[in-house]
Number of protein chains: 2
Amino acid sequence: MPRTTGSHSDITGPRIQAAATKLFAREGYAAVSMRRIASEVGVQAGALYNYTPDKQSLLFGLMHDHMLALLAAVPRDTGPDPVARLERFVAFHIRFHHDRPDAVFIAYMELRNLSEQNFAVIEGLRRQYEDLLEDILRDGIAQGHVETADTKITTLAVIAMLTGVSTWFRESGRLSLEDITARYWELVSGAVGARVSAPV
Amino acid sequence: MPRTTGSHSDITGPRIQAAATKLFAREGYAAVSMRRIASEVGVQAGALYNYTPDKQSLLFGLMHDHMLALLAAVPRDTGPDPVARLERFVAFHIRFHHDRPDAVFIAYMELRNLSEQNFAVIEGLRRQYEDLLEDILRDGIAQGHVETADTKITTLAVIAMLTGVSTWFRESGRLSLEDITARYWELVSGAVGARVSAPV
DNA sequence: ACGTTAACTGAACGGTCGTTCATAAGAAAG
DNA sequence: CTTTCTTATGAACGACCGTTCAGTTAACGT
């Protein structure tokens, strides 16, 4: 019996995305069937194809949306102090990733399940994000407030370090997110040789 | 036509492990079928069950062997200088993980595909490895050569940073493994506030 | 009141999955 | 040469896969 009370198009769509995000993150893209996503939404499998052309596009849509949200939310302030900008970047990254653990998990665990073209798109967006951090580091070096030998490697190392938080953070844990952000800022600022005050 | 020239038991076993490692790393546990592993080995699917009771045990065996190899190879030197021990740990981690990219990938991407008991075993071994690093940091603090606020968080952050190398390192890249090791030692020693010489 | 359409069902498609097992044949033991 | 054991085949099991589609019904435009 279709169309059971009310028009659902604007509700079912987001519910499918939510269910797919949750299940892909928990069990992996390949291990989750369309039927299982449908049953989570409370619908038959065929209905999913009103919202996505196929399973691959469903995955890509989730990752694409996530990367766009990341790039839209990241602070692009161009304040005079690169160390302060770096600190804001660190706090933002931890907070943003903490708020969407499932999407984060998918975005870096399911890359291999993307088709070649879709992978290239996501990789490009990821590169844009990395470049924002690298720009901060370069500014810091130029102003003598940061000291690191290879900005590309440092960028990748810092992001790996920060993203790692979501693999172990539990709300019920010993430390609050603010505590953790403070600890990571100590680690990052030490790693990049950040100096709060004047250059040499 | 079974037993086609020569006895294969001691050859087929390792070949199955090698094929499974390669395929699981490249495409993921759930996406690789037993038939595909068998065909990579040059054998029919049924033959795999002379070497593993089921697919889950095959995965667990790979991860278990990897973790045991890691714990067997990690330097446990108890030299007097914690900073030197930390430097050796960093170099070891990068080298060891570089030498087995497939096993590393599996060990931290396929955790969710382990049964509950198997997961607990692997998690315990991982914890042992982390504790070795945390011990070094604590010794460093005790001797005043290291300065970091929370050794547990620092441990996780450093390992995440180091393991990240294998996600982007290419043999043909701009930097050699030695270069990268040097850069990461700068980052780690800075992050933990390592001092080469005497305490306060 | 009525035709149109958006939203969904439920069955079906060919194919693949993990696993089992009777059977066969080369290797080893006597 | 015969027996026994090891190693593998290949067919079969029921279950599930992604995807398609004709049919059904509730809501909407007029």
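Throughout, a chain's letter reflects where its sequence line sits, starting with A, and its residues are numbered from 1.
A donor-acceptor pair under 3.5 Å is absent between the side-chain atoms of B:T52 and the main chain of B:Y49, judged by distance alone. Not one N or O on the side chain of A:T148 forms a donor-acceptor pair closer than 3.5 Å with the backbone of A:T151. Using a distance-only test at 3.5 Å, with no hydrogens or angles considered, no donor-acceptor pair links the side chain of B:R195 to the main chain of B:H145. The backbone N or O of B:Q56 lies less than 3.5 Å from a partner atom in the side chain of B:Y29, making a donor-acceptor pair. Under a 3.5 Å cut-off, the side chain of B:R112 and the backbone N or O of A:A25 do form a donor-acceptor pair. Looking at B:T167, its side chain does come within 3.5 Å of a backbone N or O of B:G164 through a donor-acceptor pair.
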Between the protein and nucleotides 12-17 of chain D, list the N/O to N/O atom pairs that are separated by less than 3.5 angstrom.
from	atom 1	to	atom 2	distance (Å)
D:dC17	OP1	A:S33	OG	3.0

Under 3.5 Å, N/O pairs linking protein and nucleotides 20-22 of chain D:
none

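Proximity of B:I37 to B:L58: side-chain heavy atoms (C-beta onward) are separated by under 4.5 Å at one or more points. Taking the side chain as every heavy atom from C-beta outward, A:V158 and A:L137 never approach each other to under 4.5 Å.
For the ring-ring contact (aromatic ring centres under 6.0 Å, His included) criterion with A:H93, the lone passing option out of A:Y184, A:W185, A:Y129 is A:Y129.
Atom-to-atom, CD1 of A:I11 to P of D:dA26 comes out at 17 Å; the value is rounded to the nearest Å. When rounded to the nearest whole Å, the span between CG of B:N50 and C1' of D:dT6 equals 9 Å. Atom-to-atom, CD of A:Q44 to C1' of D:dT25 comes out at 15 Å; the value is rounded to the nearest Å. Taking atom CG of B:L58 as the reference point, atom P of C:dG18 lies 11 Å away to the nearest angstrom.
Contact annotation: B:T12 reaches the phosphate of D:dA8 (side-chain N/O to OP1 or OP2, under 4.0 Å).
One distance of note links CD of A:E147 with OG1 of A:T154; it measures 11.0 Å at 0.5 Å rounding.
When the C1' atoms of four end pairs are superposed on the next four at each end of the helix from C:dA1-D:dT30 to C:dG30-D:dC1, using five pairs per end, the two resulting axes differ in direction by 10°, to 10°.
Using cut-offs of 30° and 60° on the angle between ring planes, the pair A:F105 and A:Y108 is perpendicular.
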